Amino acid sequence: MPRIESPAELEAFRNEILSKRDPNKPCITLCSGSACHASGSRDVARAIEEEIDKQGLSQDVEIRKTGCHGFCERGPIIVIQPEEICYLQIQPEDVPEIVSETIKGKKVIDRLLYTDPATQEKIVHESEIPFYKNQERLVFGSNGNIDPKSIDDYLAIGGYSALAKVLFDMTSEEVLEEVKKANLRGRGGGGFPAGRKWEGSRNAPEEIKYVIVNADEGDPGAYMDRSLLEGNPHSILEGLTIGAYAIGSHEGYIYVRQEYPLAVENVNIAIQKAEEYGFLGENILGSGFDFVVKVHQGAGAFVCGESTALMTSLEGRAGEPRPKYIRSNIKGLWEKPSVLNNVETWANVPLIINKGADWFTRFGTEGSKGTKIFSLVGKIINTGLVEVPMGTTLRDIIDNIGGGIPGGKKFKAVQTGGPSGGCIPERLLDLPVGFDELTQAGSMMGSGGMIIMDEDTCMVDVARYFLEFLTDESCGKCVPCREGMRQMLKILTNITQGKGKEGDIELLEELSELAKEAALCALGKSAPNPFLSTLQYFREEYEAHIREKRCPALSCKELISFYIDPSRCQACMICARKCPAEAIDGGKNKIHIIDQEKCTKCGTCFEACPPKFNAVKKISGEPVPGPVPEEERTVARKSKKK
Ligand SMILES: Cc1cc2nc3c(=O)[nH]c(=O)nc-3n(C[C@H](O)[C@H](O)[C@H](O)COP(=O)(O)O)c2cc1C
């Protein structure tokens with residue numbers, strides 16, 4: 001492939017690609033993101049390739065392995081174009097039928113379609129499934145249409161036209177003004193305006209400047225940046241190159257954790273292709289602008305996502321934060337002005353350039369413009385990645401897109417903002433999601449993790465869990481974080497184990513204040529958030545644990561007990577057979593009893609007891625009823641035959 005030397009050549013090349021593509025040729029797009037890989041998409045891909053070959057259709061059908069489609073709960077997903085027929089949870093055994101019936105016979109296979117749980121109606125088209133219908137997929141939408149390893153696929157959907165536009169039709173000041181006008185706020189942390197950050201670097205006198213992609217993404221349950229990088233790496237490279245042009249940088253880095261091998265692979269392929277085509281390297285598109293990008297693999301420390309720790313790690317030293325007396329856009333990597341933005345922030349840039357700031361600001365709220373990608377996980381029916389306009393309410397995301405809470409359970413809280421975010425209760429479900437709104441509610445946007453919790457979740461234990469994560473991930477450089485968090489974790493652990501005492505809450509509050517004031521970086525400063533937000537909204541759970549030694553959610557192991565209600569036990573022996581601790585005594589016709597000494601509180605008996613008997617009870621904060629006397633343990637059974 002010869003280098004593309006001008007916008008005219010780019011247009012000509014794009015037209016050539018499109019002219020070779022028949023829009024009516026059947027194309028099987030198969031989600032090949034990490035989540036679908038985990039549910040077997042590689043085997044499905046192999047089966048499709050073999051079947052297409054076997055049925056002699058290799059010339060007539062295109063197979064495209066795309067990035068993540070977002071509806072991860074139902075993977076592996078395939079969408080057959082141009083009809084947009086969407087099949088979910090495909091197994092290799094389904095493939096021969098799909099090829100014969102749908103590809104050849106043009107018939108839809110009902111059993112592989114999505115069934116709307118409300119109406120029982122079968123839905124054929126991907127975009128009409130409620131999960132997708134209620135989204136606005138500006139940034140993430142292309143993931144499902146292109147093969148991330150193919151630069152031609154990206155060019156076919158208009159890729160690199162924004163770069164050509166800035167290099168030939170806009171001055172770097174105009175680019176900066178457009179990004180500022182769009183009020184693009186950073187998608188990875190505190191929502192700092194990207195334009196202002198860029199402006200600081202641009203105005204700095206140094207000659208050497210850097211632009212960096214933060215793809216460290218280590219929040220439990222979050223995988224939107226990883227999926228964007230896996231599924232549409234060129235959009236991030238294009239955004240980064242535009243940013244470099246705006247601030248006058250000629251060298252960029254992608255800091256991605258090595259635990260994301262597919263993201264690393266795809267972004268490396270994308271860089272190589274972009275260099276070959278002339279979108280990266282010297283004299284980009286014949287404009288005279290030079291820019292190179294290098295990939296740096298992080299070793300997987302959460303703190304390395306913090307801006308100064310990330311830059312220290314990039315410099316080849318241990319990834320620890322440093323004080324920000326001077327912001328890193330002025331003095332960052334190797335003490336040079338460095339713009340660090342999140343993956344999703346960079347991916348928004350080509351859109352803003354192509355469609356304009358006025359178009360972009362039509363989406364969102366007064367203070368938060370555009371859309372946001374969230375990873376919707378936890379106790380939710382439709383686990384996956386969703387993109388909605390800023391300002392969408394939590395209720396809309398959870399109910400209309402997420403499909404609500406599984407198993408008929410009640411919603412309890414949603415945790416946003418990653419491990420140092422906060423938990424938002426049911427009464428705030430109509431809160432519009434935006435940077436400022438979430439902060440006011442005691443949480444934050446963070447990079448977009450959204451963990452849903454149901455009535456069985458103990459909020460004290462949730463705070464303990466996130467604090468444990470952060471204590472583990474603390475780099476240990478500053479005392480308030482290293483020691484303060486360890487103490488907070490000890491106290492919270494005691495509370496969940498029934499060893500809490502009066503004064504613990506106040507002590508935790510004091511330690512929280514201290515960490516917020518004195519920790520070196522935002523990891524320590526925001527670490528108390530899970531405790532503070534759960535205390536704000538669920539104080540009664542803390543008090544029940546401390547004063548009554550009771551876990552209201554019946555979740556904390558040390559505070560719960562299981563016993564078998566003798567009036568309901570049918571002596572079926574199911575629980576006794578399944579108990580891994582052999583703690584259940586009983587036999588055929590003999591009412592079962594749990595030996596409290598042997599019971600490990602694993603809950604196997606509770607889950608195994610048939611719902612029609614509902615004999616195993618879980619209790620907290622009350623004594624276990626004494627065992628039935630031996631002579632009353634016989635179950636009177638009705639005879640089956642008269
Ligand atoms: C402990 C910690 C971890 C972080 N991890 C990430 C991360 O994985 N990805 C990210 O984009 N930002 C992360 N941030 C925020 C970054 O420090 C920084 O604000 C962000 O990358 C700036 O990009 P943005 O303005 O586009 O959001 C983290 C911050 C802290 C304190």
Side-chain angles (χ1 to χ4, degrees), residues 139 179 182-201 210-229 236 239-240 243 253-257 259-260 263 296 298-314 319-324 327-329 332-333 338-349 352 368 370 372-373 375 417-421 435 444-449 466 469-478 481 485 515-516 519-530:
V139 178
V179 174
N183 193 12
L184 173 65
R185 295 178 66 175
R187 288 348 193 205
F192 192 82
R196 265 173 51 203
K197 192 187 282 187
W198 294 16
E199 191 169 40
S201 286
Y210 299 106
V211 282
I212 309 166
V213 179
N214 190 341
D216 191 53
E217 194 173 53
D219 307 10
Y223 59 110
M224 52 271 149
D225 293 346
R226 166 189 194 166
S227 298
L228 255 184
L229 206 55
I236 293 133
L240 187 70
Y253 287 90
I254 296 180
Y255 189 96
V256 52
R257 55 174 57 207
E259 286 150 74
Y260 300 161
H296 182 100
F302 178 69
V303 74
C304 284
E306 194 274 341
S307 54
T308 58
L310 182 147
M311 291 180 201
T312 314
S313 167
L314 258 179
E320 290 178 350
R322 49 192 188 221
K324 288 185 185 168
R327 285 187 177 279
S328 48
N329 63 335
L333 185 61
S338 307
V339 165
L340 171 75
N341 276 127
N342 167 263
V343 169
E344 190 182 335
T345 315
W346 288 117
N348 268 283
V349 172
I352 292 170
S368 307
K372 179 77 195 83
I373 305 174
S375 71
S420 31
F435 293 103
M444 59 182 183
M445 181 81 84
S447 57
F466 284 114
F469 175 85
L470 292 166
T471 307
D472 254 11
E473 295 291 338
S474 167
C475 72
K477 185 170 177 176
C478 76
C481 183
M485 260 189 311
K516 276 164 81 174
L520 173 61
C521 82
L523 189 154
K525 283 183 192 297
S526 57
N529 279 352

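Residues take their numbers from the sequence shown, with the count starting at 1. Each ligand, and each atom within it, is numbered from 1 in the order the structure gives. Since the model is a prediction, treat every value here as computed from it, not as a measurement.
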Counting from 1, what ligand 1 atoms have a heavy atom of [X] closer than 4.0 Å?
| X | value |
| --- | --- |
| Gly186 | 24 (P), 25 (O), 26 (O), 27 (O) |
| Leu523 | 1 (C), 31 (C) |
| Arg187 | 26 (O), 27 (O) |
| Asn341 | 23 (O), 24 (P), 25 (O), 26 (O) |

Residue among Tyr255, Tyr253, Tyr210 satisfying ring-ring contact (aromatic ring centres under 6.0 Å, His included) with His296: Tyr255
Is a donor on one side and an acceptor on the other found under 3.5 Å between the side chain of [X] and the backbone of [Y]?
| X | Y | result |
| --- | --- | --- |
| Ser420 | Leu523 | no |
| Arg257 | Asp216 | yes |
| Ser338 | Leu333 | yes |
| Lys372 | Ser447 | yes |
| Ser375 | Gly449 | no |
| Lys525 | Ala515 | no |
| Trp346 | Asn341 | yes |

Starting from [atom], find the nearest protein heavy-atom neighbour and note its residue, name and distance.
| atom | answer |
| --- | --- |
| atom 18 (C) of ligand 1 | Leu340 CD2, 4.2 Å |
| atom 19 (O) of ligand 1 | Gly189 CA, 4.5 Å |
| atom 29 (C) of ligand 1 | Glu306 CA, 3.7 Å |
| atom 8 (O) of ligand 1 | Glu217 N, 2.8 Å |
| atom 27 (O) of ligand 1 | Gly188 N, 2.7 Å |
| atom 10 (C) of ligand 1 | Asn214 ND2, 3.1 Å |
| atom 11 (O) of ligand 1 | Asn342 ND2, 2.8 Å |
| atom 17 (O) of ligand 1 | Ser307 N, 3.0 Å |

Greater than 12 external heavy atoms within 6.0 Å of Arg327's CZ: no
Selection from Gly305, Ser447, Ala309 by shortest heavy-atom distance to atom 6 (C) of ligand 1: Gly305
Reported OG-to-CG distance for the pair Ser474 and Leu520, which is rounded to 0.5 angstrom: 10.0 Å
Region of Asp216 that comes within reach of ligand 1 [heavy atoms, distance under 4.0 Å]: both
Ligand 1 contact on Leu310 by region, counting heavy-atom pairs under 4.0 Å: neither
Any Lys197 heavy atom less than 4.0 Å from ligand 1: yes
